[in-house]
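All chains are named by letter (A, B, ...) in the order of the sequence lines, taking the proteins before the strands, and each is independently numbered beginning at 1.
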2 protein chains.
Amino acid sequence: MKKVTMAEVAKHANVSKSTVSQYLNKRYDYMSKKTKQRIEQAIRELGYQPNFVARSLKQKKTSTIGVIVANILHTFSTQIIRAIEDVCHESDYHVIVCNADDDPDKEKKYIQMLMAKQVDGLIVFPTGGNINLYQSMVKEKFPLVFVDRIVSGLSVDTVILDNEAAAKLAVNHFIEKGYERIGIVTTSLIHNLTPRVERITGFIKAMEEHQMPIRDDYVRGMEVHLIKEGLREMYALDQPPQAILAGNDLALMEILTYAKENKITIPGQLALIGIDEVSFANIYNPPLTTVKQPVFQMGKKAAELLFRKIENPDPSGESRVHRFEPELIERESC
Amino acid sequence: MKKVTMAEVAKHANVSKSTVSQYLNKRYDYMSKKTKQRIEQAIRELGYQPNFVARSLKQKKTSTIGVIVANILHTFSTQIIRAIEDVCHESDYHVIVCNADDDPDKEKKYIQMLMAKQVDGLIVFPTGGNINLYQSMVKEKFPLVFVDRIVSGLSVDTVILDNEAAAKLAVNHFIEKGYERIGIVTTSLIHNLTPRVERITGFIKAMEEHQMPIRDDYVRGMEVHLIKEGLREMYALDQPPQAILAGNDLALMEILTYAKENKITIPGQLALIGIDEVSFANIYNPPLTTVKQPVFQMGKKAAELLFRKIENPDPSGESRVHRFEPELIERESC
DNA sequence: CTGTTAGCGCATTCAG
DNA sequence: CTGAATGCGCTAACAG
């Protein structure tokens, strides 16, 4: 493990450190051809690699951003991460990803860790449990973008799906296909997370618009491991639902498992639509009708918003919510 | 964006910087209660956050490792990454993930970038295209661990599946179930990547052990987008295979798609086993028999090997290949 | 127990 | 066109 420094390169090339520095930063304006070549040669011979850490310290810029997802088990999270990474790599930013695991304490720890590491900005899927921390970040004008969840009363740019529209798309499709007993199943609602709440709201609104009755029995938000039990209860009703909207990919997996275990045919006995695209939607038997989020654009937008904040900090601190439109991909499960 | 420094904390608490530094590094041994409290208070009042970058520069340690995967589209890659991240977060390391996209040039760029960023070590799924670079890293004793692929002639600890065993497990299962016309389909072999080559070798050996004939027609390695065409050719034979081993998850997806498009029933008309576990194996119709890699242990092992190298650099530079045993998960596709 | 001194490797004035 | 000087924020001896 060696460590060639700029000083050694300078000595080797018979120039001063600052000349080397200028060379590295492509300020060739007033540099003689000969000097340039000597430096190039010295760098090659010594195998010199600039030290980013030292540069970061000096420049107060690490060219690194942090991404904290609430729960990496969601396909959506991983897809967004990939989109962010793509954009960042193009712009020569590095990305450090952390998974808060739906735990506000972990989220807090990661935010502090990443700030201590002097990341230039943060994209977070907020758990919602650290309002004070978020607030202080806003106050200090730390570049911050939220994804997927709205934290009310806070001025932070937020990239999010039009969740109500997503649920409506699904409900309308169910109704078009002639289904009447329609339900929605999603993961736990106890934390009032935006997507889940909005999807339920959208579901209810869409049903009302069509004058369809809404049965509480058919509207369920439960922790993942309780979903199967919830489905059992629904199926124990005298009139179980004919169609179910899966609020997200995790809920979808549970419903699929339940259907398989209980030999419920899809779409014969149960019409199914999932919000969130899943890798196997196309090849499943039957292929799964899903409501797809424009993940790549959303990730890209989040990164771009962050870059803008990093590169020209807006003193006004204005922010807005950027909604993206979902799209129904009709396949055969409904 | 403020930036409270240690100096300000020191001034605020009426002590010197080094005392604060000692406090932060929990060297309380010879510190008076009062001083300690004053420092604590100053930190709280000022909202001081230590600057990792400065510390890293001084200590020549960033507590960050880099992971470069050859191709992040493989489930295996993402699973290993998750395992590595879990282990690292426990040990307070950060992880920067890069995707070389099977491109040696990208790989090279990322290796250099990460080393410039002074990561303490690197876990890489080598593309195999940068032997010289790998060699110079070894020579400089830069902490390095390879995953999934062996680079011959290089002394680097490597974590890898016993790929031959994986293929044998599958072949044996096919044979037990009475299949005779058995094939293997995997992604392109032109780069001689370890897993693919070894899986084919394992396949052939297992067939030979059972005195089964090996038809070249049934042994195919093709780029992902050509697999369907390859399958078409296999099915145009007078005797198409009755059983196919999918060499990895990408190949499996293609086979599944082809089967669906051509209404080939599984396992009725085609028995199928995939190497690599996929998220939907359990809920697919039929549930998919797979050969599973012990991903978590492999990721953990890779991280631990790297930590050991980082923490006590072994002057001998010895290294070995760490093989992990695959496991057949029998479901219903064979 | 606490303060002083010296860098880590680099970028940036500001004189030559 | 080039070099000397200064400091980013922190740690690490070494003195008190």
Side-chain angles (χ1 to χ4, degrees), chain A residues 1-40 42-43 46-64 112-120, chain B residues 1-40 42-43 46-64 112-120:
Chain A
M1 215 30 232
K2 76 182 167 205
K3 22 119 190 245
V4 184
T5 81
M6 230 174 64
E8 297 173 53
V9 174
K11 198 188 298 173
H12 204 84
N14 269 313
V15 294
S16 80
K17 283 192 302 179
S18 57
T19 310
V20 178
S21 172
Q22 291 187 118
Y23 169 82
L24 290 174
N25 292 291
K26 314 219 185 300
R27 296 280 314 153
Y28 304 136
D29 307 8
Y30 298 102
M31 194 176 299
S32 70
K33 282 264 179 295
K34 286 222 320 264
T35 322
K36 212 166 122 180
Q37 287 174 352
R38 280 213 312 281
I39 296 177
E40 269 162 15
I43 289 180
L46 270 44
Y48 167 74
Q49 298 265 136
N51 180 329
F52 234 86
V53 174
R55 164 184 295 185
S56 298
L57 177 59
K58 181 70 187 175
Q59 294 189 157
K60 297 169 176 308
K61 168 144 174 51
T62 52
S63 297
T64 303
Q112 291 175 336
M113 223 179 196
L114 290 170
M115 289 184 71
K117 255 189 122 74
Q118 312 297 111
V119 294
D120 296 336
Chain B
M1 223 14 245
K2 74 180 169 206
K3 23 126 188 239
V4 184
T5 80
M6 229 174 63
E8 297 172 54
V9 174
K11 198 188 298 172
H12 205 83
N14 268 314
V15 295
S16 79
K17 282 193 305 178
S18 56
T19 310
V20 178
S21 172
Q22 290 188 118
Y23 169 83
L24 291 173
N25 292 292
K26 313 218 184 303
R27 296 282 312 155
Y28 304 137
D29 307 8
Y30 299 100
M31 196 176 299
S32 70
K33 282 266 178 294
K34 286 221 321 265
T35 322
K36 211 167 124 182
Q37 285 174 355
R38 280 215 312 281
I39 296 177
E40 269 162 15
I43 289 180
L46 270 45
Y48 167 75
Q49 299 264 137
N51 181 329
F52 235 85
V53 174
R55 163 185 293 186
S56 299
L57 177 59
K58 181 67 186 177
Q59 293 191 156
K60 297 169 174 311
K61 169 143 173 52
T62 52
S63 298
T64 302
Q112 291 174 336
M113 225 177 194
L114 290 171
M115 289 184 70
K117 255 188 121 71
Q118 313 298 111
V119 293
D120 295 335

Legend entry - B/Arg38 or B/Ala54, whichever maps to the more 5' nucleotide of DNA chain C: B/Arg38
Inset, instruction - Starting from the first five and the last five pairs of the helix from C/dC1-D/dG16 to C/dG16-D/dC1, work out the angle between the resulting helix axes, to 10 degrees. - result: 40°
To the side chain of [X], which of [options] is closest?
X: A/Arg55; options: D/dC10, C/dA11, D/dA12; answer: C/dA11
X: B/Thr19; options: D/dT11, C/dG3, C/dA11; answer: C/dG3
X: B/Met6; options: D/dT11, C/dG3, C/dG9; answer: D/dT11

To the nearest 0.5 angstrom, please state how far the [atom1] atom of [X] sits from the [atom2] atom of [Y].
X: B/Ile39; Y: B/Gln37; atom1: CD1; atom2: CD; value: 11.0 Å
X: A/Lys61; Y: A/Phe52; atom1: NZ; atom2: CZ; value: 9.0 Å
X: A/Asp120; Y: A/Lys60; atom1: CG; atom2: NZ; value: 12.0 Å
X: B/Gln49; Y: A/Gln118; atom1: CD; atom2: CD; value: 9.0 Å

Rounded to the nearest angstrom, tell me the gap between atom [atom1] in [X] and atom [atom2] in [N].
X: A/Gln49; N: C/dC10; atom1: CD; atom2: P; value: 11 Å
X: A/Asn51; N: C/dG7; atom1: CG; atom2: C1'; value: 14 Å
X: B/Ile39; N: C/dT2; atom1: CD1; atom2: P; value: 7 Å
X: A/Gln59; N: D/dG9; atom1: CD; atom2: C1'; value: 15 Å
X: A/Lys11; N: D/dA4; atom1: NZ; atom2: C1'; value: 16 Å
X: B/Leu57; N: C/dG7; atom1: CG; atom2: C1'; value: 9 Å
X: A/Asn14; N: D/dA4; atom1: CG; atom2: P; value: 12 Å
X: A/Gln118; N: D/dC10; atom1: CD; atom2: C1'; value: 11 Å

Inset, instruction - Using a 4.5 Å cut-off on heavy atoms from C-beta on, say whether the side chain of A/Tyr23 contacts that of A/Ile43. - result: yes
Legend entry - Nearest non-hydrogen partners of B/Arg38 and B/Ala13, listed with the distance: NE-O, 2.8 Å
Phosphate OP1/OP2 of [N] contacted by [X] side-chain N/O (<4.0 Å):
X: B/Tyr23; N: C/dC1; answer: no
X: A/Ser56; N: D/dC8; answer: no
X: A/Ser21; N: C/dA11; answer: yes

Distances for protein N or O near nucleotides 14-16 of chain D N or O, under 3.5 Å:
none

Legend entry - Presence of donor-acceptor pair under 3.5 Å, side chain of B/Lys58 and base of D/dG9: no
Inset, instruction - Tell me what A/Phe52 touches on the nucleic acid: a base, only sugar-phosphate, or nothing, going by heavy atoms under 4.0 Å. - result: nothing
Inset, instruction - Identify, with sequence neighbours excluded, every residue that meets side-chain contact (heavy atoms from CB on, under 4.5 Å) alongside A/Glu8. - result: A/Val4, A/Thr5, A/Leu46
Legend entry - Among B/Thr64, B/Thr62, B/Asn51, side-chain hydrogen bond (donor to acceptor under 3.5 Å, both in side chains) partner for A/Lys117: B/Thr64
